[in-house]
Trainee: 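The structure that follows is given in the form of structure tokens.
Every chain is numbered from 1 and lettered A, B, ... according to where its sequence line falls, protein lines coming before strand lines.
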Amino acid sequence: MARFLKSRIKAKGAAPGSLIFMGKQKMDGTRIRLMQYSKETNTETEYGTIDKALKSISNTHNNWLNIDGLHNTELIKHIGEHFNISPLALENILNTGQRAKFFEDHNSVTFITKAVYYNQEENKVSIEQISFILLENVLISFQERTGDHFEPVRNRIRNAFGKIRQRKTDYLLYALTDSLVDNYLINLEQIGLSIEALEEKLDNPTKEISKKLFQYKTEISYFRKSIKPLKEALTRLTRAKSEIISEENLVFFQELYDIQEQAIEAADSYFGMTNDLINLYNTNLSNKVNEVMKVLTIFASIFIPLTFIAGIYGTNFEYVPELHFKNAYFVMWGVMVFVAGTMLYYFKKNKWF
Amino acid sequence: MARFLKSRIKAKGAAPGSLIFMGKQKMDGTRIRLMQYSKETNTETEYGTIDKALKSISNTHNNWLNIDGLHNTELIKHIGEHFNISPLALENILNTGQRAKFFEDHNSVTFITKAVYYNQEENKVSIEQISFILLENVLISFQERTGDHFEPVRNRIRNAFGKIRQRKTDYLLYALTDSLVDNYLINLEQIGLSIEALEEKLDNPTKEISKKLFQYKTEISYFRKSIKPLKEALTRLTRAKSEIISEENLVFFQELYDIQEQAIEAADSYFGMTNDLINLYNTNLSNKVNEVMKVLTIFASIFIPLTFIAGIYGTNFEYVPELHFKNAYFVMWGVMVFVAGTMLYYFKKNKWF
Amino acid sequence: MARFLKSRIKAKGAAPGSLIFMGKQKMDGTRIRLMQYSKETNTETEYGTIDKALKSISNTHNNWLNIDGLHNTELIKHIGEHFNISPLALENILNTGQRAKFFEDHNSVTFITKAVYYNQEENKVSIEQISFILLENVLISFQERTGDHFEPVRNRIRNAFGKIRQRKTDYLLYALTDSLVDNYLINLEQIGLSIEALEEKLDNPTKEISKKLFQYKTEISYFRKSIKPLKEALTRLTRAKSEIISEENLVFFQELYDIQEQAIEAADSYFGMTNDLINLYNTNLSNKVNEVMKVLTIFASIFIPLTFIAGIYGTNFEYVPELHFKNAYFVMWGVMVFVAGTMLYYFKKNKWF
Amino acid sequence: MARFLKSRIKAKGAAPGSLIFMGKQKMDGTRIRLMQYSKETNTETEYGTIDKALKSISNTHNNWLNIDGLHNTELIKHIGEHFNISPLALENILNTGQRAKFFEDHNSVTFITKAVYYNQEENKVSIEQISFILLENVLISFQERTGDHFEPVRNRIRNAFGKIRQRKTDYLLYALTDSLVDNYLINLEQIGLSIEALEEKLDNPTKEISKKLFQYKTEISYFRKSIKPLKEALTRLTRAKSEIISEENLVFFQELYDIQEQAIEAADSYFGMTNDLINLYNTNLSNKVNEVMKVLTIFASIFIPLTFIAGIYGTNFEYVPELHFKNAYFVMWGVMVFVAGTMLYYFKKNKWF
Amino acid sequence: MARFLKSRIKAKGAAPGSLIFMGKQKMDGTRIRLMQYSKETNTETEYGTIDKALKSISNTHNNWLNIDGLHNTELIKHIGEHFNISPLALENILNTGQRAKFFEDHNSVTFITKAVYYNQEENKVSIEQISFILLENVLISFQERTGDHFEPVRNRIRNAFGKIRQRKTDYLLYALTDSLVDNYLINLEQIGLSIEALEEKLDNPTKEISKKLFQYKTEISYFRKSIKPLKEALTRLTRAKSEIISEENLVFFQELYDIQEQAIEAADSYFGMTNDLINLYNTNLSNKVNEVMKVLTIFASIFIPLTFIAGIYGTNFEYVPELHFKNAYFVMWGVMVFVAGTMLYYFKKNKWF
């Protein structure tokens, strides 16, 4: 499966609007968790079937329904019917190749985002689609697999830390998105540190370094491409007319927009940095080639003429007058030293070494 | 015929507005098919002449008239006159070098799109122009040749799968366009897989690989150029004032716009990727040249001076004192080993190997 | 005279607004032709003086006054005064370095365009400025020299082909501009064919090819620069408030805008293509250098050590034990074959050949 | 800690909106200074605790409260509560990785800016975040450490120089920002001078120069990235609706916008310049390699054939007729001189030297 | 002093709004000239002090006060006070590092422009700031030094050529700006001619040529950067609400805008051209290196094996059978010719020469 696209081949020929999971199944089964909280209370329950979970939803609490695993399309369909969500929204959630997106419906808003991880050991960026459906009192979140990026938010709810228990599900949506965007910055920082570590090794250019540099470029490019559309989605969110998102909480999303901007700028900076390092690598390589060439040329230019002179007097002609001159051998040495000296002087003068 | 332009030479001097087929004839004859469907029924008929087909059109059904082959301008003209379509629309349909386009007329809308195929074996992208004229109850589609990209839609109509039989021809237009855009993603994915396969061979740079890389770049660039204008056309469509496209179906076209955006982004990513691979190729080549140069320089720098020393004692001077020294030969060997050792030490210290 | 600018030096110090021909005189004399047509009739006359031509203009016909040659500023001034055209318009017509432009006056519109030719033999793009002044019933066209790009339009008038005789001079303006823009596409196609022919020769990179590639780049860049401003001018034209251009004909100019867009896109594609070919050329050259280096290194690395061994036994030391060993000569051969074989094995293993 | 991002890791999991210092602590303790001035008077006091400082604030004077050191979040919180500043503003001030920003609140405006220093010796650009909260009669400035960039403004207040004592705290905000932006230009000028000094050394390309060039590129890129967002912040400021910024003083901020534009343009120019110098460096290196190659080739091509000829006559075949010819040795010399001369002529003709 | 910035260091710490000359003093003293003209009359006077000049200003004439030399800030201040010009305008005039700018005040407009000169011998572009203050009946122009770019306009006034004497000072402002913009085109044309002359020398790449190419790039980049902001300033001017600029004359400024556009486009074209030439230079250099390498490899690959063969038979082994074979010497020659021939055939076949 090509990286920049999730496989659409299996969906070929399907009617648009029909619910088909497009992506790679990343976990077995489906995990259904419901968190219900108000100013005073907080309960967490894991359900075996979606029916039970849906029945437990209460109008007097905030309900956070979290679904891990998207391949069970029947389950998704069931949720859709229960809350009267448009098939288009569900289709978007099931197609994990989606760009980040925000759209409003009569009674809900759909917000599709991406979680981005950088695995330092494999030097690979991996992307997961996280989708939210926000209704009055209810937030449904869909993840491709059980992950730990929402744990901090759960802890805040458990411990009634900050304002989270005092506000409604729109604030929860903000808190969850904030933890995703924060993760962008943290992961980018890790990439940045890895690149800076590589920078110091550039003085001695080797094949491995060049390979790694291009890998970084690809990964950052992939990272950037994945987070960029969220900017537009956030813009649309902050202009949403839906009353589900209260005006009081909009300012937080605006703040999030700024952090998102910062993340994109950082990705741009690191992208530019890898480009610069690749260029520096190539320049260093050219410097090296130049140096190698100089060593070769100095050796060859000095010794090839000298060998020629020696060759002349190694010929077996019957009559070579110099061979019989007195001290001819030492004169030859003298000539050779003079030739070599002249050459060295020339190379020195031209700053070859 | 140059690739980025369809031949206009034969049209030179023709009055603008006169119907002339500009392009390459891709099939013999013309194939006329009419599909008529409503909630309950569905009939498919192939006609020998356009007259008969036009007479069969019924107001109580949805009529999909599909014309394969554009070189029969008389036939096109006849259709135009029958439905009172503006000559400009027909001219656009006949000029297969058109960019994707959408425009409205008093009683019809014209939508010009492209089908894009990637032939993996020849590594060639080919483009076909698909044009639609949408009228009340009637959709006319024009193809350059009989192809199979609409087969899934036909099957859905035959099997009354999804909503297609319950909606009007504007939904049919959406379903057909959707199948084209879906094909963009599928074809891009195939290109992407081919490129990724090539990436693994880059370690040992050969002429064939560099040639292929540039071919990919050209093909993706051609692909991108062909699909980009559709974005603008879709924007215009979603803002159309015509009542032929019902508000209820507009949301599907908006969804299509998002998928089209995704396709363009994927094409951009692959384009950037080939660029990176070309740069990586060049860097690998430089690495190789550097390596080759080092081997040469090490060999030459070590053996040329040694050969010179041997040459000195191969001279035939009458008086060369060293020749008569005891063990001179072994001393020479010692000197040579020392010289070679010094050189090797120097190269090692400078990390030449 | 620098190419991207027409000489302004002679105009230095002239009052702005004074009529001065800025450009290169491309023909002797001035040619004055008047074509008068209506639905029923058509006459063509060539006049010796502008006075006679102006007197022949009739209100009951469409009058197309064509002036070849711009250096006769008195003549231009005379026309300006006769039709009460603003000096600024005339100044623009006389300055052949102008960008394409459209502007309206109280009773006339001025439209400045470019004709572009590609001379395949010299591989040179040349530009000519074609200006139009459109008045009620009268279209005046100004060319730098007598050319043949309007011949097809003349033929259509002569033969009453298409709608041209039934419409007014605003349609004539469209028809003439259309023939210019059509020429852009035809000329671009010729450039494209030339480039594609060159592409096949890239496998064996030679100086001549690289020179040609850069020439193409320059010429396409010049082409593109020349046709780009027409887009803006056409936009202004389609928004013109002047009643001289009838609403009915505006749709044709909008169509022209699309073709112009297509021409610019084609120029962009070919520009990108030459860039790619230049890069491919450089990569091929690097491939070649790498190959040459390998041949050199293989030969040198194998034979230099062997020659050294032979040199050792060519020395004239009194006591070299090996020289007297039995079969020493054959042992030396054996050592040499072993050394050469080892080297070849190493090179083969590293995929040097 | 990666450079383009301030460490967010410690903040991970914190509730958004909670006050956490994100950045590197750059000084011990916190320094609290209050400057109070009116047309007639001016007092400067340094306080040990924030309470005392806040109590000293007077409604009849302009109060400039300057806080050096941001790690004491309690102190910041205290200020926030005293002046009823929104937690979001305070959070922005404490996160030193912020982009420049401007936003209004009910009774205050927050303006986040950057001070940029270029350290010529280390060739490093360092950034400090400077934040301002402007209230009626009070301006609070927050710095990461005690610096000297506001000293000129203090002197002007002390000496009642210019209009500063006659205007309110909004003018003070302008004066302080102006001194920051002015510093951008001064620091950029210093970078520019360093680059120009390097330019003169480019004729003899060495590894050190290439390294420095890439360093400059990184630093200027970092500089540019840091000052760019201020442009947007200034735009927002000049459109602020808050009455705290008087219309009379807005013109000064508009002027500042122009200087900021000039600074960005200068950074762009220097960025382009380093790029050009890197390219020139690479071209110079290629020139050098070409030169070195020519020397090698000339020497090798002349002497290798000559050595071959000498080698021929160094063979010990029993019957080599030439060896016995009279003057054969001199004939050999003649042939050698001819060969060498021919080669030299060829190289000269081809402009190798 | 760095080129892209005028020294601001001396102004550091000065109150914004205080009049300080920022720039390089380019002439001794200050030259004050007053030109007064109406339809009928024209007088030119040079004054020793500004007082006298100001007293001579007449309401019944157009007054053009030209000040050469900006370092006398007292004089500028005096003018400002006399005409009640805002300090900000004066400050802008004195800061010669300003970007081109236009702004209106209650009774005046300020227009800051640049004169650009290209010195062909030194291959240097130099910039001078020319500022205008336009009041009712009075135009004040400020130049850094006495120059000759306004001489043509003066001559037109002296000779009452064109409309200049019949119109007011707003037309004078246009005429002067026009002469500056015209100069851009003339200077660009000279740069273009120089570049084209260099292009012909590119076939034999030398260090001097590469150096010059990069110089041209720097100069054109500097040129472009200097003239670009004028476009924005002209846009603002054409939208000015001030009644000092009559509607009747606005059309001239619009025309100027077009010429300015043309100048920027020409600068862009030349910039692109130098880039292309630098690339062509590098390609030519690579071609050269390839050629040199081939010569080396051909010589080395042919003669090194031959020398090896000769070396074999130069050994002094006691028993080398071939040495005693009849005609062995000639057989050796035969082998050598065969080896060399094979090699040459191989090189020929691979198109090495």
Side-chain angles (χ1 to χ4, degrees), chain B residues 1-5 7-9 11-18 88 91-92 97-99 101 204-207 210-211 214 217-218 221-222 225 278 281-282 285-286 288-289 292-293 295-296 299-300 303-304 306-307 309-316 320 322-324 326-329 332-333, chain C residues 151-152 155-156 161-164 174-175 178-179 182 185-186 188-193 195-196 203 251-252 255 258 261-262 265-266 269-270 272-273 276-277 279-280 282-284 286-287 289-291 293-294 296-297 300-301 304-305 307-308 311-312 314-321 351-352:
Chain B
M1 185 162 55
R3 192 175 194 182
F4 289 107
L5 285 170
S7 186
R8 295 185 65 89
I9 292 171
K12 197 179 171 175
S18 54
L88 224 58
E91 202 189 344
N92 273 303
Q98 276 302 342
R99 307 171 71 231
K101 229 181 197 178
N204 193 45
T206 67
K207 214 172 166 173
S210 63
K211 208 173 171 175
F214 277 97
K217 201 177 163 186
T218 309
S221 162
Y222 183 45
K225 177 188 170 292
I278 286 167
Y281 177 91
N282 282 321
L285 202 60
S286 296
K288 197 96 193 175
V289 167
V292 169
M293 287 294 310
V295 169
L296 173 61
F299 271 86
F303 284 104
I304 287 178
L306 299 189
T307 304
I309 294 172
I312 287 286
Y313 297 105
T315 54
N316 297 318
V320 180
E322 295 97 315
L323 293 180
H324 310 292
K326 213 184 151 190
N327 293 331
Y329 174 63
M332 181 186 76
W333 265 115
Chain C
E151 224 30 56
N155 281 328
R156 276 196 272 145
F161 185 63
K163 312 177 249 229
I164 198 158
Y174 155 68
D178 178 74
S179 81
D182 230 55
L185 285 167
I186 291 162
L188 277 168
E189 193 169 340
Q190 264 167 1
I191 297 180
L193 289 169
I195 295 173
E196 282 173 19
D203 264 3
V251 65
F252 293 109
E255 187 68 20
D258 285 350
E261 186 95 346
Q262 199 182 337
E265 266 186 15
S269 290
Y270 287 129
M273 205 166 143
D276 285 352
L277 290 183
N279 288 332
L280 178 55
N282 282 320
T283 298
N284 279 351
S286 296
N287 279 325
V289 167
N290 186 26
E291 192 195 314
M293 286 293 310
K294 276 182 188 169
L296 173 61
T297 302
S301 305
I304 287 178
T307 304
F308 159 70
I312 286 288
T315 55
N316 298 318
F317 288 104
E318 260 178 18
Y319 181 61
V320 181
K351 302 203 177 166
W352 284 39

Trainee: Measure B:Thr315 against the heavy atoms of chain C and call it side chain, backbone, both or neither at under 4.5 Å.
Mentor: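 Backbone of B:Thr315 only, per the 4.5 Å heavy-atom cut-off to chain C.
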Trainee: Any non-hydrogen side-chain atom of C:Glu255 less than 4.5 Å from a side-chain atom of B:Asn92?
Mentor: yes
Trainee: Under the ring pair (Phe, Tyr, Trp, His ring centres under 6.0 Å) test, which residues partner B:Phe214, sequence neighbours left out?
Mentor: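 Counting only residues at least two positions away or on another chain, B:Phe214 forms no ring pair (Phe, Tyr, Trp, His ring centres under 6.0 Å).
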Trainee: Applying salt bridge (Lys or Arg N to Asp or Glu O under 4.0 Å), run through C:Asp203 and B:Lys211 and close with a yes or a no.
Mentor: CA-CA 9 Å; C:Asp203 264 3; B:Lys211 208 173 171 175; 3.4 Å; yes
Trainee: Of the backbone (N, CA, C, O) and the side chain (C-beta and beyond), which part of B:Asn327 lies under 4.5 Å from a heavy atom of chain C, both, or neither?
Mentor: neither
Trainee: Do C:Thr307 and B:Phe303 have side chains that approach each other closer than 4.5 Å (heavy atoms only, starting at C-beta)?
Mentor: no
Trainee: Could you check C:Ile304 against B:Phe299 for side-chain contact (heavy atoms from CB on, under 4.5 Å), going step by step and ending with a plain yes or no?
Mentor: CA-CA 8 Å; C:Ile304 287 178; B:Phe299 271 86; 5.9 Å; no
Trainee: Identify which of C:Trp352, C:Tyr319, C:Phe308 forms the greatest number of heavy-atom pairs closer than 4.5 Å to chain B.
Mentor: C:Phe308
Trainee: So what's closer than 4.5 Å to chain C heavy atoms on B:Lys326: side chain, backbone, both or neither?
Mentor: neither
Trainee: Can you see which heavy atom on B:Leu285 is nearest to which on C:Ser286, and at what distance?
Mentor: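 Closest pair (atom of B:Leu285, atom of C:Ser286, distance): CD2-CB, 3.3 Å.
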Trainee: Take C:Leu296 and B:Leu296, measure what side-chain contact (heavy atoms from CB on, under 4.5 Å) needs, and give me the verdict at the end.
Mentor: CA-CA 8 Å; C:Leu296 173 61; B:Leu296 173 61; 3.8 Å; yes
Trainee: Quick check: closest heavy atoms across C:Glu265 and B:Arg99, and the distance to 0.1 Å?
Mentor: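 Looking at all heavy atoms of both residues, the shortest contact is OE2-NH2, 2.6 Å.
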Trainee: List for me each residue that meets ring pair (Phe, Tyr, Trp, His ring centres under 6.0 Å) alongside B:Tyr313, sequence neighbours excluded, and say none if there are none.
Mentor: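 For B:Tyr313, the residues satisfying ring pair (Phe, Tyr, Trp, His ring centres under 6.0 Å) (neighbours in sequence not counted) are C:Phe317.
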Trainee: Under a plain distance cut-off of 3.5 Å, with no hydrogens placed, do C:Asn287 and B:Ser210 share a side-chain donor-acceptor pair?
Mentor: yes
Trainee: Which one, C:Val289, C:Val251, C:Asn279, C:Ile312, leads in non-hydrogen pairs under 4.5 Å with chain B?
Mentor: C:Ile312
Trainee: CD1 of B:Ile278 to CG of C:Asn282: how many Å apart, nearest 0.5 Å?
Mentor: 12.0 Å
Trainee: Please state whether the side chain, the backbone, both or neither of B:Met293 comes within less than 4.5 Å of a heavy atom of chain C.
Mentor: both
Trainee: Heavy-atom distances under 4.5 Å only: say whether C:Ser179 touches chain B with side chain, backbone, both or neither.
Mentor: neither
